[in-house]
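Data first, discussion second: the structure below is written as structure tokens.
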Amino acid sequence: MQVNSIKFFVDTADVAAIRELNDLGMVDGVTTNPSLILKSGRNILEVTREICDIVSGPVSAEVVATDAKEMIAEGMKLAKIAKNIAIKVPLTWAGLTACKAFASEGHMVNVTLCFSAAQAILAAKAGATFISPFIGRLDDNNFDGTDLIEDIRIVYDNYDTRTQILAASIRSVNHIVDCAKIGADVVTAPPAVIKAMANHILTDKGLEVFLADWAKTGQKIL
Ligand code: E4P
């Protein structure tokens, strides 16, 4: 079933957490990075392959070289893991060079570590499939992360830019709602933040009252 909504990528290399949310139909893709691979304690090639077996949407796997030639070699190796790999490159000139090379070969590319609209324009021109502006890290440094999502949305819409805005470094449920209001194409969030979207104090209180009243009726449905 096709659902028209903001896309959810899960920002983790924790296979069990991905599987749990995927079973609920909440996963449109996955993003990983070197820190998340470290946290998983797994080998990058093995864990990425396992994730690609679970999720049919784009799975971002990040290169770690800093020069373009080596990035291209690493990205080509990562792309061989599965058809749904999006090669993740940093927003540097070397990363943009590699992005252009990957895009010309028909690979999906996620340009990461974006902190300005200027950088987002360059990524689009280099053929990025996704641009990843980091909201939380901007907020941590007293900038406004969601302002950046808004700026990129305006700039991309002015030219019908095909690159998708993948709002990253999500710290809260409010970040996700703000991104959806602005019209980001995708959010990538830790599993705990996606699960927290279901929580509301009034839901809990309301359920408590309904269950107490139901007990007083002495009835059973089953
Ligand atoms: C994005 O692709 C990154 O993996 C991620 O969102 C970074 O988030 P952090 O700032 O919480 O590390």
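These numbers come from the heavy atoms of this one structure, side chains and all, not from hydrogens, waters or symmetry mates. Counting convention: from 1, in listed order, for ligands and their atoms alike.
One hydrophobic cluster holds both Ile149 and Met197 under the rule that ILVMFWY side chains link at heavy-atom gaps under 4.5 Å. Connection of Val59 to Ile54 is established within a shared hydrophobic cluster, with ILVMFWY side chains joined at heavy-atom distances below 4.5 Å, either directly or through further cluster members. By the criterion of side-chain heavy atoms lying less than 4.5 angstrom apart, applied directly or through intervening Ile, Leu, Val, Met, Phe, Trp or Tyr residues, Val187 is grouped together with Leu113 in one hydrophobic cluster. Residues Val89 and Trp93 fall within the same hydrophobic cluster, defined by Ile, Leu, Val, Met, Phe, Trp and Tyr side chains chained together at heavy-atom separations under 4.5 Å.
Residues Arg42 and Val15 are in side-chain contact: their nearest non-hydrogen atoms beyond the backbone lie under 4.5 Å apart. Looking at heavy atoms from C-beta onward, Asp11 lies out of side-chain contact with Ile170 at the 4.5 angstrom threshold.
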List below, pair by pair, the N or O atoms of ligand 1 and of the protein that are less than 3.5 Å apart, including the distance to 0.1 Å; reply 'none' if no pair qualifies.
from     : atom 1 : to     : atom 2 : distance (Å)
ligand 1 : 2 (O)  : Lys88  : NZ     : 2.7
ligand 1 : 4 (O)  : Asp11  : OD1    : 2.9
ligand 1 : 4 (O)  : Asn33  : ND2    : 2.7
ligand 1 : 4 (O)  : Lys88  : NZ     : 3.3
ligand 1 : 6 (O)  : Asp11  : OD2    : 2.7
ligand 1 : 6 (O)  : Ser169 : N      : 2.7
ligand 1 : 10 (O) : Arg137 : NE     : 2.7
ligand 1 : 10 (O) : Arg137 : NH2    : 3.4
ligand 1 : 10 (O) : Ser169 : OG     : 2.7
ligand 1 : 10 (O) : Arg171 : NH1    : 3.3
ligand 1 : 11 (O) : Arg171 : NH1    : 2.6
ligand 1 : 12 (O) : Arg137 : NH2    : 2.8

